[in-house]
Amino acid sequence: MVDKEKVEQAVRLLLEGIGEDVNREGLIETPARIARMYSEICGGMDEDAGEHLKKTFTADNNEMVVEKDITFYSMCEHHMLPFYGKVHIAYIPDGKVVGLSKLARTVEVYARRLQLQEQMTAQIADALMEHLCPKGVMVMAEAEHMCMTMRGVKKPGSKTVSVVTRGEFEDNEKLQNLFFRMIGR
Ligand code: ZN
């Protein structure tokens, strides 16, 4: 749980640290506003992907399931700046499937916290492996990192791509290429 009082204190200190007047009109409500915002953007820390993935359905066949272009917003843990983009998920069921909206929910659980993109990609894949026990999972994330585009090297529009394979997708170029084709890459 986000300790709103602590966040408020910290934001006040940060504002002072950058030379702002914390009492000027425009900033009076800012610490409280940011504290509320952090409850939302770090809300995934209080959630368990297993809760979203526990309701499964019997699969009639075990054909690959692909859910592409799941939009996400996360925060890079090195700079506390946003990174955001799309996640694409594929899995090969082993008798069990899950509602498609639950895949998006799973992405949110891991996106809504301070994160590293590669780690988020792996956590999504591992949660699906653990709770859905499929034959294989492949997850790809494509994101723009504000710490790359608004500061530092300043390369607007550049994308960071991370891919994780588990189970039958590992070392199976044919399956991996099928995934890339299905998501249009
Ligand atoms: Zn960063």
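- Listed by chain and number, the residues in a salt bridge (Lys or Arg N to Asp or Glu O under 4.0 Å) with Asp126 are Arg166 (sequence neighbours excluded).
- When His131, Glu47, Lys102 are each tested for a side chain to side chain donor-acceptor pair (under 3.5 Å) with His52, only one passes: Glu47.
- When the options Gln115, Glu118, Arg113 are evaluated for a side chain to side chain donor-acceptor pair (under 3.5 Å) with Gln123, the one that passes is Gln115.
- A salt bridge is absent between Glu51 and Arg105; no separation between the charged side-chain nitrogens and carboxylate oxygens falls under 4.0 Å.
- Within 6.0 Å of the CG atom in Asp171, the count of heavy atoms belonging to other residues, nucleotides or ligands does not exceed 12.
- Aromatic ring pairs are classed by plane angle as parallel below 30°, tilted from 30° to 60° and perpendicular above 60°; the pair Tyr73 and Tyr84 is parallel.
- At most 12 non-hydrogen atoms from other residues, nucleotides or ligands lie less than 6.0 angstrom from CG of Asp60.
- Here Arg12 pairs with Glu8 in a salt bridge; the nearest charged N to carboxylate O distance falls below 4.0 Å.
- A donor-acceptor pair is defined here as one N or O able to donate and one able to accept, closer than 3.5 Å; such a pair exists between the side chain of Asn62 and the backbone of Gly95.
- Checked by atom type, the side-chain pair His145/Gln117 shows a donor-acceptor distance below 3.5 Å.
- Electrostatic pairing of Glu108 and Arg112 counts as a salt bridge here, judged by a charged N lying under 4.0 Å from a carboxylate O.
- Within 6.0 Å of CE in Met45 there are 12 or fewer heavy atoms belonging to other residues, nucleotides or ligands.
- The structure places CD1 of Ile89 at 7.5 Å from CD of Glu67, a figure rounded to the nearest 0.5 Å.
- Atom CZ of Phe72 and atom OH of Tyr110 lie 15.0 Å apart (nearest 0.5 Å).
- The shortest distance between side-chain heavy atoms of Thr165 and Val137 does not fall below 4.5 Å.
- Atom CE of Met148 has 12 or fewer neighbouring heavy atoms from other residues, nucleotides or ligands inside a 6.0 Å radius.
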